[in-house]
S.K.: 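There's a structure below that I have some questions on.
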Amino acid sequence: MSLKNDNSFNELSIEKIDKRLDEICSKDSEKEFYKKLESSGFSRRDFLKWTSFITAALMLPPAFESRVARAAAIKERVPIIWLHMAECTGCTESFLRTQEPSIASLIFDHVSLTYHDTLMMASGKRVEEHLENAVKKYEGKYICVVEGAIPTKDNGIYLTIGSKGETGLSRVKRITAKAKYNLAFGTCSAFGGVQAARPNPTGAKGVHDAIGIEIVNVPGCPPSSTNMVGTLLHILLFDKIPPLDMFRRPLWAYGSRIHDYCERRAHFDAGEFVEEWGDEGAKKGWCLYKMGCKGPLTYNNCPRYRFNQGTNWPIGAGHGCIGCSESDFWDNMAPFEEPNDKAGIRIPGGKGVEATSDEIGTVAAGVTAAAIGIHAAGSVIRAKSSKTNEKESK
Ligand code: FSX
Ligand code: SF4
Ligand code: F3S
């Protein structure tokens, strides 16, 4: 798989994209998709609104809206093989929204989900055969999505799948090796997630750490359907992966901190904090920093696009961010509801809103860096020089 990080486009590349879409998206597929939308209660207008939303989320110019719409209707020739490892299946639920399907979930339903451990009706030997046939038939062409962590201890024996008792470790190695693109959906397959929390008895790891392959990480426990569908649409459109940060996360989705777009940020800046669950500050929607919010350490677009068709997100619902899209969040970000300073968690400062995960991302991986200073009355980020910060962290 090519990991070339190049999202530049010009007229020539738009021409190329159109040609590619002509090749892979048939009129029948488009018709079928629009029928599916209508029967699920979505009008063309709803769909157009959604395509302009996802085009903007992907940071593409408006000229791409019609192309994104076509990519969404692709059915043939982009088979997806979706593997389940050690996890809770919340990622699948996040994109499916089974109770109230969204446009994003309909797209997943429409693309050729050739193999999906959870969603297939069949079971047992037939499913096993189906997987092997799909891998053979679409070798080098399919997108492999991995959900869940890979237990690696004792040769992966703590996760076995199917009648032959194949380990998850062996299966993920085998199936990703023959894919055109590999995507890790969810923090578990990206970084190990809850399964990898100390003492991690099964030696659970994310796919990259477990088998050393290049993979696009779309973390979050679970990730939003916007981030999963957006990443997929990017690959369908450009036939290459989107630009990534140092943790292999698409920059369009994970390029900014929760804290920088948080609706409670003005209260942080004004020094207005919730001090206790249910207090006046909580009722007024003040900042949750003192209740343990990890928004200043976490890279994700939740404040902008939210979950469940934009209905809400953790901080909107009154709880701090627990850093679920960061590596080892279960160990590094806990305790989740203690004031960060009391929990010994130090937040990077000095970089302000311009900080990128590449610059301070390792903090989230457990390396303590600069401290954030909160004045008794108001709060300001003390702009310490990075050199001082480095010293402090040692
Ligand atoms: Fe992990 Fe997916 Fe958390 Fe669950 O399965 S990212 S445990 S929400 O859903 O892998
Ligand atoms: Fe929002 Fe949390 Fe930052 Fe407060 S600390 S502004 S609640 S992200
Ligand atoms: Fe996760 Fe924080 Fe978003 S907990 S869902 S990254 S607000």
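The first residue of the sequence shown is numbered 1, and numbering continues consecutively from there. Whatever order the structure lists ligands and atoms in, that order sets their numbers, starting from 1.
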S.K.: State the atoms of ligand 1, each with its element, that fall below the 4.0 Å cut-off from a heavy-atom position in P222.
M.R.: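 Atoms satisfying the 4.0 Å criterion: 8 (S).
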S.K.: Stepwise, does the side-chain hydrogen bond (donor to acceptor under 3.5 Å, both in side chains) test hold for Y181 with D239?
M.R.: CA-CA 9 Å; Y181 296 106; D239 198 18; 2.8 Å; yes
S.K.: Have N340 and K290 got a donor and an acceptor in their side chains that come within less than 3.5 Å?
M.R.: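 No donor-acceptor contact under 3.5 Å links the two side chains.
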S.K.: Is a salt bridge present between R70 and D22, judged by a nitrogen-to-oxygen distance below 4.0 Å?
M.R.: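 Looking at R70 and D22, the cut-off is met.
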S.K.: Can a donor-acceptor pair be found between the side chains of Q195 and W330 at a distance below 3.5 Å?
M.R.: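 Looking only at side-chain atoms, W330 and Q195 do not form any donor-acceptor pair under 3.5 Å.
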S.K.: Counting only nitrogen or oxygen atoms and a 3.5 angstrom limit, does V194 reach ligand 1?
M.R.: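 Such a contact does not occur with ligand 1.
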S.K.: Below 30° counts as parallel, above 60° as perpendicular, anything between as tilted: where do the rings of F47 and W50 land?
M.R.: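 F47 and W50: parallel rings.
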S.K.: For atom 2 (Fe) of ligand 3, which candidate among P222, C324, C321 provides the closest heavy atom?
M.R.: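 Considering heavy atoms of P222, C324, C321, the nearest to atom 2 (Fe) of ligand 3 sits in C321.
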S.K.: What atoms in ligand 2 come closer than 4.0 Å to a heavy atom of G295?
M.R.: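 Taking each heavy atom of G295 in turn, ligand 2 has 8 (S) under 4.0 Å.
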S.K.: Give yes if a backbone or side-chain nitrogen or oxygen of F185 is under 3.5 Å from a nitrogen or oxygen of ligand 1, and no if not.
M.R.: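 N/O-N/O distance under 3.5 Å: no.
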S.K.: Is the closest N or O pair between T187 and ligand 1 shorter than 3.5 Å?
M.R.: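 T187 vs ligand 1: no N/O contact under 3.5 Å.
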S.K.: Under 4.0 Å from any heavy atom of N300, which atoms of ligand 3 are there?
M.R.: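 Counting atoms of ligand 3 from 1, those under 4.0 Å from N300 are 6 (S).
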S.K.: At less than 2.8 Å, would any N/O/S atom of C321, backbone or side chain, sit next to atom 3 (Fe) of ligand 2?
M.R.: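 No - counting backbone and side chain alike, C321 has no N, O or S atom under 2.8 Å.
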S.K.: Can you tell me which residue and heavy atom of the protein come closest to atom 4 (S) of ligand 3, and the distance to 0.1 Å?
M.R.: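 Heavy-atom neighbour on the protein nearest atom 4 (S) of ligand 3: I322 N, 3.2 Å.
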S.K.: Got an N, O or S from H259 under 2.8 Å of atom 2 (Fe) of ligand 2?
M.R.: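 For H259, the answer is no, given that no N, O or S atom comes within less than 2.8 Å of atom 2 (Fe) of ligand 2.
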S.K.: Evaluate side-chain hydrogen bond (donor to acceptor under 3.5 Å, both in side chains) for E87 paired with T89, printing each intermediate quantity in order.
M.R.: CA-CA 6 Å; E87 33 77 17; T89 313; 3.2 Å; yes
S.K.: Among all protein heavy atoms, pick out the one at the shortest distance from atom 2 (Fe) of ligand 2; state its residue, atom name and that distance to 0.1 Å.
M.R.: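 Looking at atom 2 (Fe) of ligand 2, the protein heavy atom closest to it is C293 SG, 2.3 Å.
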S.K.: In terms of atom number and element, which parts of ligand 2 are under 4.0 angstrom from non-hydrogen atoms of R264?
M.R.: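 Close to R264: 6 (S).
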S.K.: Considering non-hydrogen atoms of the protein only, which is the closest contact for atom 1 (Fe) of ligand 1, and what is the distance?
M.R.: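 In this structure, atom 1 (Fe) of ligand 1 has C188 SG, 2.2 Å as its nearest protein heavy atom.
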S.K.: Any idea how H267 and W286 line up, ring-wise: parallel (<30°), tilted (30 to 60°), or perpendicular (>60°)?
M.R.: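 It falls in the tilted class, 30° to 60°.
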S.K.: Give the atoms of ligand 1, by number and element, whose distance to some non-hydrogen atom of C91 is under 4.0 Å.
M.R.: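 In order of number, 2 (Fe), 5 (O), 6 (S), 9 (O), 10 (O).
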S.K.: Report the nearest protein non-hydrogen atom to atom 1 (Fe) of ligand 2: residue, atom name, distance rounded to 0.1 Å.
M.R.: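 In this structure, atom 1 (Fe) of ligand 2 has C262 SG, 2.4 Å as its nearest protein heavy atom.
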S.K.: I'd like to check which ligand 3 atoms, numbered from 1 as shown, lie under 4.0 Å from a non-hydrogen atom of T298.
M.R.: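 Contacts of ligand 3 toward T298, numbered from 1: 6 (S).
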S.K.: Between the side chains of K283 and D279, is the shortest nitrogen-to-carboxylate-oxygen separation below 4.0 Å, so that they form an ion pair?
M.R.: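 Looking at D279 and K283, the cut-off is not met.
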S.K.: Tell me: protein heavy atom nearest atom 5 (O) of ligand 1, and distance?
M.R.: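 The closest heavy atom on the protein side is E147 OE2, 2.4 Å.
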S.K.: Near C221, which atoms of ligand 1 are under 4.0 Å from a heavy atom of that residue?
M.R.: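 Near C221, the atoms of ligand 1 are 3 (Fe), 6 (S), 7 (S), 8 (S).
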S.K.: Is the number of heavy atoms from other residues, nucleotides or ligands under 6.0 Å of N155 CG greater than 12?
M.R.: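 Result for CG/N155: open.
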S.K.: Of the protein's non-hydrogen atoms, which lies at the shortest distance from atom 3 (Fe) of ligand 3, and what is that distance?
M.R.: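 Atom 3 (Fe) of ligand 3 sits closest to the protein heavy atom C302 SG, 2.3 Å.
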S.K.: Answer with yes or no whether G220 contacts ligand 1, where contact means a heavy atom under 4.0 Å from a ligand atom.
M.R.: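 Checking ligand 1 against G220, which is what was asked, there is a heavy-atom contact under 4.0 Å.
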S.K.: Quick one: look up the protein heavy atom nearest atom 7 (S) of ligand 2 and list residue, atom name and how far away it is.
M.R.: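 Going by distance alone, atom 7 (S) of ligand 2 is nearest to L288 N, 3.3 Å.
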S.K.: If you count the atoms of ligand 3 from 1 in the order shown, which ones are under 4.0 Å from a heavy atom of F307?
M.R.: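 So the atoms of ligand 3 that pass are 5 (S).
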S.K.: Does atom CZ of R174 have more than 12 heavy-atom neighbours from other groups under 6.0 Å away?
M.R.: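 Yes.
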S.K.: Please work out which of G193, A86, C88 has its closest non-hydrogen atom nearest to atom 4 (Fe) of ligand 1.
M.R.: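 Going through G193, A86, C88 one by one, C88 has the nearest heavy atom to atom 4 (Fe) of ligand 1.
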S.K.: Is the count of non-hydrogen atoms from other residues, nucleotides or ligands lying under 6.0 Å from K178 atom NZ greater than 12?
M.R.: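 Open: at most 12 neighbouring heavy atoms sit under 6.0 Å from NZ of K178.
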S.K.: Parallel, tilted or perpendicular: which one describes the rings of Y289 and F273, with boundaries at 30° and 60°?
M.R.: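 Taking F273 first and then Y289, their aromatic rings sit tilted (interplane angle of 30° to 60°).
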S.K.: Give the atoms of ligand 3, by number and element, whose distance to some non-hydrogen atom of G323 is under 4.0 Å.
M.R.: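 Atoms satisfying the 4.0 Å criterion: 4 (S).
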S.K.: Evaluate the ring planes of H319 and W277, with Trp represented by its six-membered ring, and classify them as parallel (under 30°), tilted (30 to 60°) or perpendicular (over 60°).
M.R.: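 Parallel: the ring planes of H319 and W277 meet at under 30°.
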S.K.: For T89, is at least one N or O under 3.5 Å away from an N or O on ligand 1?
M.R.: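 Checking ligand 1 against T89, an N or O pair does fall under 3.5 Å apart.
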S.K.: As an exercise, identify every atom of ligand 2 less than 4.0 angstrom from a heavy atom of R265.
M.R.: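 Ligand 2 atoms under the 4.0 Å threshold to R265: 6 (S).
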S.K.: Counting from 1, what ligand 3 atoms have a heavy atom of W313 closer than 4.0 Å?
M.R.: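 Taking each heavy atom of W313 in turn, ligand 3 has 7 (S) under 4.0 Å.
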S.K.: Between S256 and R304, is a side-chain hydrogen bond (donor to acceptor under 3.5 Å, both in side chains) present by the stated rule, with each step listed?
M.R.: CA-CA 10 Å; S256 57; R304 278 179 289 168; 2.9 Å; yes
S.K.: At what distance is the nearest protein heavy atom to atom 4 (Fe) of ligand 2, and which residue and atom is it?
M.R.: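 Answer for atom 4 (Fe) of ligand 2: C287 SG, 2.4 Å.
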S.K.: Strictly under 6.0 Å, is that where the ring centroids of F53 and Y305 end up?
M.R.: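 Yes; Y305 has its ring centre under 6.0 Å from that of F53.
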S.K.: Examine distances only and state if a side-chain atom of R264 and a backbone atom of I315 form a donor-acceptor pair shorter than 3.5 Å.
M.R.: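 Here the side-chain-to-backbone pair exists.
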